[in-house]
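Note sheet for the following structure.
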Amino acid sequence: MLLLDGNKLSALIRKEIQDKVRLFCQNDVRPPHLAAVLIGDNPASQTYVRNKIRACDEVGFASTLIKKPASTTQEELLHVIDNLNRNPEIDGYIVQLPLPRHIDEHAVNLAIDPAKDVDGFHPFNFGKMALGLPSLLPATPMGIMMMLERYHIETEGKHCVVLGRSNIVGTPVALLLSKKAKPGNATVTIAHSKTCNLAGLCRQADIIVAALGIPRFLKADMVREGAVVIDVGINRIDDPTTNRGFRLVGDVDFEEVSQKVSAISPVPGGVGPMTITALVENTWRAFSKKS
Ligand code: GUN
(Lines give C-alpha, C1' and ligand atoms only; values in the text may rest on other atoms or scores of the structure.)
Protein backbone atom coordinates (compact mmCIF):
# COMPACT_ATOMS: atom_id res chain seq x y z
CA MET A 1 0.00 0.00 0.00
CA LEU A 2 1.31 3.43 -1.01
CA LEU A 3 0.84 6.18 1.57
CA LEU A 4 0.10 9.48 -0.17
CA ASP A 5 2.16 11.62 2.18
CA GLY A 6 0.96 15.21 1.94
CA ASN A 7 3.55 16.46 4.43
CA LYS A 8 6.48 15.03 2.50
CA LEU A 9 5.17 16.16 -0.89
CA SER A 10 4.31 19.62 0.44
CA ALA A 11 7.82 20.06 1.81
CA LEU A 12 9.21 19.25 -1.64
CA ILE A 13 6.87 21.60 -3.54
CA ARG A 14 7.30 24.41 -1.00
CA LYS A 15 11.08 24.09 -1.38
CA GLU A 16 10.65 24.52 -5.16
CA ILE A 17 8.58 27.68 -4.56
CA GLN A 18 11.11 28.97 -2.02
CA ASP A 19 13.87 28.55 -4.61
CA LYS A 20 11.84 30.55 -7.16
CA VAL A 21 11.25 33.32 -4.61
CA ARG A 22 14.98 33.47 -3.76
CA LEU A 23 15.93 33.65 -7.43
CA PHE A 24 13.31 36.15 -8.49
CA CYS A 25 12.96 38.41 -5.48
CA GLN A 26 16.40 39.95 -5.17
CA ASN A 27 17.50 43.60 -5.01
CA ASP A 28 14.40 45.76 -5.15
CA VAL A 29 11.83 43.09 -6.10
CA ARG A 30 9.53 42.51 -3.15
CA PRO A 31 8.33 38.95 -2.36
CA PRO A 32 4.77 37.72 -3.00
CA HIS A 33 2.32 38.87 -0.33
CA LEU A 34 -0.73 36.89 0.88
CA ALA A 35 -3.38 38.31 3.19
CA ALA A 36 -5.85 36.21 5.17
CA VAL A 37 -9.09 37.55 6.62
CA LEU A 38 -10.39 35.69 9.66
CA ILE A 39 -13.79 36.60 11.08
CA GLY A 40 -14.75 35.30 14.53
CA ASP A 41 -13.07 32.72 16.71
CA ASN A 42 -13.83 29.32 15.18
CA PRO A 43 -10.92 27.24 16.60
CA ALA A 44 -10.48 25.11 13.46
CA SER A 45 -10.43 28.22 11.24
CA GLN A 46 -7.84 29.82 13.52
CA THR A 47 -5.61 26.76 13.12
CA TYR A 48 -6.03 26.65 9.32
CA VAL A 49 -5.23 30.34 8.95
CA ARG A 50 -2.22 30.06 11.26
CA ASN A 51 -0.91 27.19 9.14
CA LYS A 52 -1.45 29.18 5.92
CA ILE A 53 0.49 32.16 7.30
CA ARG A 54 3.25 29.84 8.54
CA ALA A 55 3.55 28.24 5.09
CA CYS A 56 3.95 31.70 3.53
CA ASP A 57 6.74 32.58 5.97
CA GLU A 58 8.40 29.24 5.21
CA VAL A 59 8.72 29.96 1.47
CA GLY A 60 9.76 33.60 1.92
CA PHE A 61 6.43 35.30 1.16
CA ALA A 62 5.15 38.29 3.09
CA SER A 63 1.85 37.72 4.88
CA THR A 64 -0.79 39.75 6.67
CA LEU A 65 -3.48 38.42 9.00
CA ILE A 66 -6.60 40.55 9.34
CA LYS A 67 -8.63 39.40 12.36
CA LYS A 68 -12.13 40.73 12.97
CA PRO A 69 -14.74 39.84 15.60
CA ALA A 70 -17.73 37.59 14.83
CA SER A 71 -19.95 40.70 15.12
CA THR A 72 -18.34 42.22 11.98
CA THR A 73 -21.07 43.30 9.57
CA GLN A 74 -21.17 42.32 5.91
CA GLU A 75 -20.64 45.97 4.99
CA GLU A 76 -17.51 46.14 7.16
CA LEU A 77 -16.14 42.95 5.60
CA LEU A 78 -16.84 44.27 2.08
CA HIS A 79 -14.90 47.40 3.05
CA VAL A 80 -11.91 45.25 4.11
CA ILE A 81 -12.16 43.41 0.79
CA ASP A 82 -12.30 46.67 -1.15
CA ASN A 83 -9.09 47.82 0.56
CA LEU A 84 -7.36 44.53 -0.25
CA ASN A 85 -8.47 44.80 -3.89
CA ARG A 86 -6.98 48.30 -4.13
CA ASN A 87 -3.75 47.57 -2.27
CA PRO A 88 -0.96 47.03 -4.86
CA GLU A 89 1.24 45.38 -2.20
CA ILE A 90 -1.21 42.46 -1.80
CA ASP A 91 -0.97 39.84 -4.55
CA GLY A 92 -3.63 37.48 -3.24
CA TYR A 93 -5.89 37.00 -0.29
CA ILE A 94 -8.40 34.64 1.23
CA VAL A 95 -11.46 35.09 3.39
CA GLN A 96 -11.53 32.05 5.66
CA LEU A 97 -14.81 30.10 5.64
CA PRO A 98 -17.20 29.47 7.28
CA LEU A 99 -18.36 33.04 7.83
CA PRO A 100 -20.81 34.04 10.59
CA ARG A 101 -24.39 33.34 9.50
CA HIS A 102 -25.34 37.00 9.06
CA ILE A 103 -22.78 37.37 6.24
CA ASP A 104 -23.68 36.26 2.69
CA GLU A 105 -20.77 34.12 1.48
CA HIS A 106 -21.73 34.54 -2.16
CA ALA A 107 -21.69 38.37 -1.89
CA VAL A 108 -18.24 38.14 -0.32
CA ASN A 109 -16.85 35.87 -3.06
CA LEU A 110 -18.27 38.20 -5.73
CA ALA A 111 -16.48 41.19 -4.19
CA ILE A 112 -13.02 39.60 -4.40
CA ASP A 113 -10.86 40.79 -7.30
CA PRO A 114 -10.58 37.61 -9.45
CA ALA A 115 -6.87 38.36 -10.04
CA LYS A 116 -6.27 38.17 -6.26
CA ASP A 117 -8.70 35.29 -5.64
CA VAL A 118 -6.11 32.69 -4.59
CA ASP A 119 -8.93 30.49 -3.22
CA GLY A 120 -10.46 30.29 -6.71
CA PHE A 121 -13.95 30.87 -5.26
CA HIS A 122 -15.02 33.84 -7.44
CA PRO A 123 -17.55 32.78 -10.14
CA PHE A 124 -15.18 34.17 -12.80
CA ASN A 125 -12.41 31.76 -11.75
CA PHE A 126 -14.85 28.92 -11.09
CA GLY A 127 -16.34 29.45 -14.58
CA LYS A 128 -12.91 29.46 -16.21
CA MET A 129 -12.09 26.21 -14.40
CA ALA A 130 -15.37 24.67 -15.64
CA LEU A 131 -14.48 25.70 -19.21
CA GLY A 132 -11.00 24.18 -18.87
CA LEU A 133 -9.28 27.58 -19.17
CA PRO A 134 -6.21 28.49 -17.09
CA SER A 135 -7.37 30.01 -13.80
CA LEU A 136 -6.69 30.19 -10.08
CA LEU A 137 -8.07 26.83 -8.89
CA PRO A 138 -9.70 26.20 -5.49
CA ALA A 139 -6.93 25.11 -3.15
CA THR A 140 -8.20 21.71 -1.94
CA PRO A 141 -9.11 20.30 -5.40
CA MET A 142 -5.84 21.71 -6.75
CA GLY A 143 -3.91 20.08 -3.89
CA ILE A 144 -5.59 16.74 -4.67
CA MET A 145 -4.71 17.04 -8.37
CA MET A 146 -1.08 17.88 -7.46
CA MET A 147 -1.00 14.83 -5.19
CA LEU A 148 -2.34 12.52 -7.93
CA GLU A 149 0.11 13.97 -10.46
CA ARG A 150 3.22 13.80 -8.30
CA TYR A 151 2.45 10.27 -7.08
CA HIS A 152 1.78 9.18 -10.70
CA ILE A 153 -1.72 7.92 -9.90
CA GLU A 154 -3.34 7.15 -13.27
CA THR A 155 -6.77 8.79 -13.62
CA GLU A 156 -7.37 8.37 -17.36
CA GLY A 157 -10.27 6.03 -18.05
CA LYS A 158 -10.74 5.36 -14.34
CA HIS A 159 -14.05 5.55 -12.51
CA CYS A 160 -13.79 8.19 -9.78
CA VAL A 161 -16.51 8.43 -7.17
CA VAL A 162 -16.54 11.78 -5.37
CA LEU A 163 -18.40 11.71 -2.07
CA GLY A 164 -19.76 15.20 -1.44
CA ARG A 165 -20.90 18.04 -3.72
CA SER A 166 -19.69 21.17 -1.90
CA ASN A 167 -18.62 24.24 -3.88
CA ILE A 168 -15.21 24.12 -2.21
CA VAL A 169 -14.27 20.46 -2.80
CA GLY A 170 -16.74 17.94 -4.25
CA THR A 171 -18.04 19.85 -7.27
CA PRO A 172 -14.70 21.37 -8.39
CA VAL A 173 -12.64 18.19 -7.89
CA ALA A 174 -15.22 16.23 -9.91
CA LEU A 175 -14.91 18.79 -12.70
CA LEU A 176 -11.11 18.70 -12.68
CA LEU A 177 -10.98 14.89 -12.71
CA SER A 178 -13.29 14.76 -15.74
CA LYS A 179 -11.38 17.38 -17.80
CA LYS A 180 -9.37 16.49 -20.87
CA ALA A 181 -6.09 16.90 -18.99
CA LYS A 182 -3.42 15.05 -17.07
CA PRO A 183 -4.40 14.18 -14.41
CA GLY A 184 -8.00 14.02 -15.63
CA ASN A 185 -9.85 12.10 -18.35
CA ALA A 186 -11.67 10.14 -15.64
CA THR A 187 -15.29 9.04 -15.61
CA VAL A 188 -16.71 10.78 -12.57
CA THR A 189 -19.72 10.14 -10.37
CA ILE A 190 -20.69 12.71 -7.76
CA ALA A 191 -22.42 11.04 -4.82
CA HIS A 192 -24.25 12.90 -2.06
CA SER A 193 -26.71 12.48 0.78
CA LYS A 194 -29.57 11.54 -1.60
CA THR A 195 -27.57 8.97 -3.61
CA CYS A 196 -29.05 5.45 -3.66
CA ASN A 197 -26.88 2.39 -3.01
CA LEU A 198 -23.82 4.45 -2.08
CA ALA A 199 -21.84 1.42 -0.87
CA GLY A 200 -22.44 -0.42 -4.16
CA LEU A 201 -21.40 2.64 -6.13
CA CYS A 202 -18.19 3.04 -4.09
CA ARG A 203 -17.35 -0.62 -4.71
CA GLN A 204 -17.33 0.15 -8.45
CA ALA A 205 -14.79 2.96 -8.02
CA ASP A 206 -11.14 2.87 -9.02
CA ILE A 207 -10.60 6.13 -7.14
CA ILE A 208 -12.70 7.48 -4.25
CA VAL A 209 -12.47 11.08 -3.06
CA ALA A 210 -14.18 11.30 0.32
CA ALA A 211 -15.29 14.86 1.10
CA LEU A 212 -18.52 14.64 3.06
CA GLY A 213 -17.45 15.69 6.54
CA ILE A 214 -18.58 12.54 8.37
CA PRO A 215 -15.90 10.97 10.60
CA ARG A 216 -14.73 7.51 9.37
CA PHE A 217 -17.71 7.20 6.99
CA LEU A 218 -15.97 5.09 4.35
CA LYS A 219 -15.53 1.48 5.56
CA ALA A 220 -13.53 -1.40 4.09
CA ASP A 221 -16.65 -3.17 2.77
CA MET A 222 -17.39 -0.10 0.60
CA VAL A 223 -14.03 -0.21 -1.17
CA ARG A 224 -12.82 -2.43 -3.99
CA GLU A 225 -9.52 -4.29 -3.47
CA GLY A 226 -6.70 -2.15 -4.95
CA ALA A 227 -8.66 1.12 -5.18
CA VAL A 228 -7.10 4.54 -4.52
CA VAL A 229 -8.64 6.55 -1.68
CA ILE A 230 -8.22 10.29 -1.12
CA ASP A 231 -9.48 11.43 2.27
CA VAL A 232 -10.45 15.12 2.40
CA GLY A 233 -12.21 15.04 5.78
CA ILE A 234 -10.77 16.88 8.77
CA ASN A 235 -13.04 16.03 11.72
CA ARG A 236 -12.31 16.80 15.35
CA ILE A 237 -13.38 13.99 17.67
CA ASP A 238 -13.19 14.09 21.45
CA ASP A 239 -10.14 12.39 22.91
CA PRO A 240 -9.45 13.14 26.59
CA THR A 241 -6.10 11.32 26.37
CA THR A 242 -4.63 14.15 24.25
CA ASN A 243 -3.48 17.57 25.49
CA ARG A 244 -5.96 19.36 23.24
CA GLY A 245 -8.86 17.09 24.23
CA PHE A 246 -9.52 16.08 20.62
CA ARG A 247 -7.87 14.42 17.67
CA LEU A 248 -8.33 14.64 13.92
CA VAL A 249 -9.85 11.86 11.86
CA GLY A 250 -10.80 11.79 8.19
CA ASP A 251 -13.95 10.70 6.38
CA VAL A 252 -12.29 7.30 5.86
CA ASP A 253 -11.85 4.55 8.43
CA PHE A 254 -8.12 4.49 7.76
CA GLU A 255 -7.32 1.42 9.85
CA GLU A 256 -9.59 -0.92 7.93
CA VAL A 257 -9.62 0.75 4.49
CA SER A 258 -5.81 0.99 4.29
CA GLN A 259 -5.65 -2.85 4.42
CA LYS A 260 -7.50 -3.09 1.12
CA VAL A 261 -6.34 -0.23 -1.12
CA SER A 262 -3.34 0.33 -3.39
CA ALA A 263 -2.89 3.95 -2.22
CA ILE A 264 -4.46 6.16 0.45
CA SER A 265 -3.95 9.65 1.88
CA PRO A 266 -3.87 9.82 5.70
CA VAL A 267 -5.52 12.35 8.03
CA PRO A 268 -3.73 14.33 9.30
CA GLY A 269 -0.83 14.68 6.88
CA GLY A 270 -2.57 14.07 3.55
CA VAL A 271 -4.81 16.51 1.70
CA GLY A 272 -4.58 19.16 4.48
CA PRO A 273 -0.98 20.21 3.84
CA MET A 274 -1.53 19.89 0.07
CA THR A 275 -4.38 22.43 0.30
CA ILE A 276 -2.03 24.94 1.90
CA THR A 277 0.68 24.19 -0.65
CA ALA A 278 -1.83 24.83 -3.46
CA LEU A 279 -2.70 28.17 -1.86
CA VAL A 280 1.01 29.08 -1.74
CA GLU A 281 1.37 28.07 -5.41
CA ASN A 282 -1.67 30.18 -6.35
CA THR A 283 -0.19 33.17 -4.52
CA TRP A 284 3.03 32.71 -6.47
CA ARG A 285 1.01 32.58 -9.72
CA ALA A 286 -1.01 35.70 -8.82
CA PHE A 287 2.26 37.49 -8.01
CA SER A 288 4.23 36.39 -11.07
CA LYS A 289 1.39 37.26 -13.44
CA LYS A 290 1.76 40.89 -12.40
CA SER A 291 5.55 40.97 -12.56
N1 GUN B 1 -12.63 26.69 4.85
C2 GUN B 1 -12.41 25.38 4.59
N3 GUN B 1 -11.63 25.24 3.50
C4 GUN B 1 -11.35 26.49 3.06
C5 GUN B 1 -10.57 26.98 1.97
O6 GUN B 1 -9.99 26.25 1.17
N7 GUN B 1 -10.52 28.34 1.86
C8 GUN B 1 -11.17 29.17 2.72
N9 GUN B 1 -11.07 30.49 2.51
N10 GUN B 1 -11.89 28.73 3.74
C11 GUN B 1 -11.97 27.39 3.91
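Position 1 is the first residue of the sequence, and the numbers go up from there. Counting convention: from 1, in listed order, for ligands and their atoms alike.
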Pairs under 3.5 Å, nitrogen or oxygen of ligand 1 with protein nitrogen or oxygen:
unit_1, atom_1, unit_2, atom_2, d
ligand 1, 1 (N), Gln96, NE2, 3.3
ligand 1, 1 (N), Leu97, O, 3.0
ligand 1, 7 (N), Asp119, OD1, 3.2
ligand 1, 7 (N), Asp119, OD2, 3.2
ligand 1, 9 (N), Val95, O, 2.9
ligand 1, 9 (N), Asp119, OD2, 2.6
ligand 1, 10 (N), Gln96, NE2, 3.4
ligand 1, 10 (N), Leu97, N, 2.9

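Atoms OG and CG, from Ser166 and Leu97 in turn, are 10.5 Å apart once rounded to the nearest 0.5 Å.
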Validation: residues 176-183 side-chain donor-acceptor distances under 3.5 Å, sequence neighbours left out:
unit_1, atom_1, unit_2, atom_2, d
Ser178, OG, Ala174, O, 3.4
Ser178, OG, Leu175, O, 2.8
Lys179, NZ, Ala130, O, 2.6

Just distance, no hydrogens or angles: give the donor-acceptor pairs under 3.5 Å from side chains in residues 203-217, sequence neighbours left out.
unit_1, atom_1, unit_2, atom_2, d
Arg203, NH1, Asp221, O, 2.7
Asp206, OD1, Arg224, NH2, 2.9
Asp206, OD2, His159, N, 2.7

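Using a cutoff of 4.0 Å between basic side-chain nitrogens and carboxylate oxygens, Lys20 and Glu16 are not scored as salt-bridged.
Between the side chains of Asp57 and Ser63, a donor-acceptor pair is found at a separation under 3.5 Å.
Residues satisfying the salt bridge (charged side-chain N to carboxylate O under 4.0 Å, His left out) test with Lys8, not counting sequence neighbours, are none.
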